[in-house]
Protein chains: 2
Amino acid sequence: MTITLSIPGIAADDLPLEEQAYRRLRQALVEGVFAPGEKLSIRRVAEALGTSPMPARTALRRLATEQALDALPSGTVLVPRLTRAAFQEVSAIRAELEPLAIRLAASRVDSGTLDALAAVVAEQDAARAAGRPELCLQKDREFLFGLYRQAGAPMLLGMIEALWLRRGPLFWEARWIVMGSPPEAAHRHGPILAALRRGAGEEAARELKAEIERMTAFLSGALQFEDEVPAMPRAMRARA
Amino acid sequence: MTITLSIPGIAADDLPLEEQAYRRLRQALVEGVFAPGEKLSIRRVAEALGTSPMPARTALRRLATEQALDALPSGTVLVPRLTRAAFQEVSAIRAELEPLAIRLAASRVDSGTLDALAAVVAEQDAARAAGRPELCLQKDREFLFGLYRQAGAPMLLGMIEALWLRRGPLFWEARWIVMGSPPEAAHRHGPILAALRRGAGEEAARELKAEIERMTAFLSGALQFEDEVPAMPRAMRARA
DNA sequence: GCCGAAAAAATGTGATCACAAAGCTCCACC
DNA sequence: GGTGGAGCTTTGTGATCACATTTTTTCGGC
């Protein structure tokens, strides 16, 4: 029962079903649609996606391979619980890789791109002032990845994306905390931009590293992790 | 036509065929069985493995996901050519992540493990003296990963393994160069061990970083990369 | 001899089926 | 009331088939 969802000529989604499944699952993971610890069975996901089990199976395997999902020895795959240790591990790796990306980008970025990034920072500040946390986080991501893309290092970019994916659900839950947090916990991208304009890549990298470590310390104190929650809520959301 | 290759009770390879295919392909990649740029079709690999196309397909996809293989837009997968830029990118990432692993391991290793690692270093020196490059590289890997495992950081370990996998074929080709190289190009693990015994994790990390950067600079000058070879040999090895 | 179009082969994708193992349910029995 | 096991359900795995697309080969024409 294959149902074409849109006119084949117009649609941009002529991608393989497996790719669509992968992206939708990935998006759902970032958005925190699934509860940590929830089992994702191939057939259930396939049904939710309206496809045969095959694309779902491949997509789930891909996500498990990049550790965005955990795999049981039986083969069953489930949404990982981000423990405190895992959060700190992800943060420690970020604190090494993202400054490296900044250093690489520093010698390649042009002033036009820096202007565009400055605009993103301004939009982020506006979003924060307007009390729109999800837009604020989106702009934050836009700024950083816009910069990382300039590094011209595709593998590094992929690894950083995987880290963000892993951290995704937790960070999404934490957005309200971030909004109501004291000023010292807010991202400060201005100094990074300033350093880059001066061509001081090393300094920009140090700024970012400090920012990540500051944010990690704050969240580490503000968040309650999966391994510290006595009872698991176990939400039953089958949508994908 | 499913042929059980060994007695089900005794064999340790009761793993899923997909897992076996994945490991064999991975091993083959590290050993440089495939020529860079060689296309690996699902059916050909499946035939070489003696299975149906399905496990081969999943295994190839997994390897492509972790960027151990390149994927064409058509879906065809091929052995990546390690360009100079890619080699330097991998090295730059290694120079950040592996020292981090050392730092994390520093506060957790016990002296017994350090003794065992010292033995590995001794074995490596012996292998070098005996002119056995493959054993020497094996011991090198054994030493470093033995240390990284102590970090208690599974994601980090997985990322480092992926980096080594990507670098694998090239490094394998380079083993003769490394053997005949001047002393300043040889790995020096002694100082790392010494620093760890003193509990100076930061110093050990700096040592390793310097070692990786030294090695990178040397290989960068000694090796001829895929993007710098005028004609591609295009070996036809179908074995898996 | 060389270029290009048509035919043929090969390839990736996805659906469906069969099967074995793991998990769960429910009821009998202690 | 608690426990254990039989039976059913669900799950992952792997094979096979059909189909559309891409790639290669081949052959005709310039």
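None of the values given here were measured: they were computed from a predicted structure. In the text below, chain A, chain B and the rest are named by the order of the sequence lines, each starting its count at 1.
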Mind calculating the distance between [atom1] ([X]) and [atom2] ([N]) to the nearest angstrom?
X      : N       : atom1 : atom2 : value
M54(B) : dT16(D) : CE    : C1'   : 8 Å
Y22(B) : dT13(D) : OH    : P     : 15 Å
L78(A) : dG12(D) : CG    : C1'   : 14 Å
Q20(B) : dT13(D) : CD    : C1'   : 12 Å
L17(A) : dA20(D) : CG    : P     : 14 Å
L49(A) : dG14(C) : CG    : P     : 12 Å
E47(A) : dT16(C) : CD    : P     : 13 Å
E19(A) : dG12(C) : CD    : P     : 16 Å

Exercise for the section: Among dA15(D), dG12(C), dG12(D), find the nucleotide with the atom closest to the side chain of R43(A). Expected result: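 Closest nucleotide among those given: dG12(D).
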Problem - Shortest side-chain distance from T51(A), nucleotide among dG12(C), dA15(D), dA15(C) - result: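 Selected nucleotide: dA15(C).
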What residues, two or more places apart in sequence or in another chain, satisfy side chain to side chain donor-acceptor pair (under 3.5 Å) together with [X]?
X      : result
E47(A) : none
R57(A) : none
E89(A) : none

Handout entry: Stretch residues 56-76 of chain A: residues that reach within less than 4.0 Å of DNA chain D through a heavy atom
Key =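 Within residues 56-76 of chain A, the residues near DNA chain D are R57(A), R61(A), S74(A), G75(A), T76(A).
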Practice task
For dT24(D), take OP1 and OP2 only and decide whether either is under 4.0 Å from a side-chain N or O of K39(B).
Solution key: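 Yes, K39(B) has a side-chain N/O under 4.0 Å of OP1/OP2 on dT24(D).
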Handout entry: side-chain N/O S52(B) vs dG14(D) OP1/OP2, d < 4.0 Å
Key =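 Indeed not, no polar side-chain atom of S52(B) lies that close.
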Handout entry: Non-neighbouring partners of V120(A) that pass side chain to side chain contact (heavy atoms under 4.5 Å, CB included), sequence neighbours left out
Key = K139(A), E142(A), F143(A)
Practice task
Take R62(A) and E18(A) through the side chain to side chain contact (heavy atoms under 4.5 Å, CB included) test and state the conclusion after the steps.
Solution key: CA-CA 10 Å; R62(A) 263 176 85 176; E18(A) 171 231 309; 2.6 Å; yes
Handout entry: salt bridge (charged side-chain N to carboxylate O under 4.0 Å, His left out) involving R103(A) - partner list, sequence neighbours excluded
Key =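 Counting only residues at least two positions away or on another chain, R103(A) forms a salt bridge (charged side-chain N to carboxylate O under 4.0 Å, His left out) with E202(A), E96(B).
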Please report, to 0.1 Å, the donor-acceptor pairs under 3.5 Å made by any side chain of residues 216-223 of chain A, with sequence neighbours excluded.
unit_1, atom_1, unit_2, atom_2, d
T216(A), OG1, S91(A), OG, 3.4
T216(A), OG1, I212(A), O, 2.7
S220(A), OG, R84(A), NH1, 3.1
S220(A), OG, Q88(A), NE2, 3.1

Practice task
Using the side chain to side chain contact (heavy atoms under 4.5 Å, CB included) rule, take F34(B) and L78(B) through it: C-alpha gap first, then chi angles, then the decisive distance, then the call.
Solution key: CA-CA 9 Å; F34(B) 305 116; L78(B) 45 80; over 6 Å; no
Handout entry: the helix from dG1(C)-dC30(D) to dC30(C)-dG1(D): angle between end helix axes, five pairs per end, rounded to 10 degrees
Key =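 That helix gives 10° between its end axes.
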Problem - Residue list, ring-ring contact (aromatic ring centres under 6.0 Å, His included) with Y22(B), at least two apart or on another chain - result: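 Y22(B) satisfies ring-ring contact (aromatic ring centres under 6.0 Å, His included) with no other residue.
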Problem - Position toward the 5' end of DNA chain D (nearest nucleotide), V77(A) or P53(B) - result: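 That would be V77(A).
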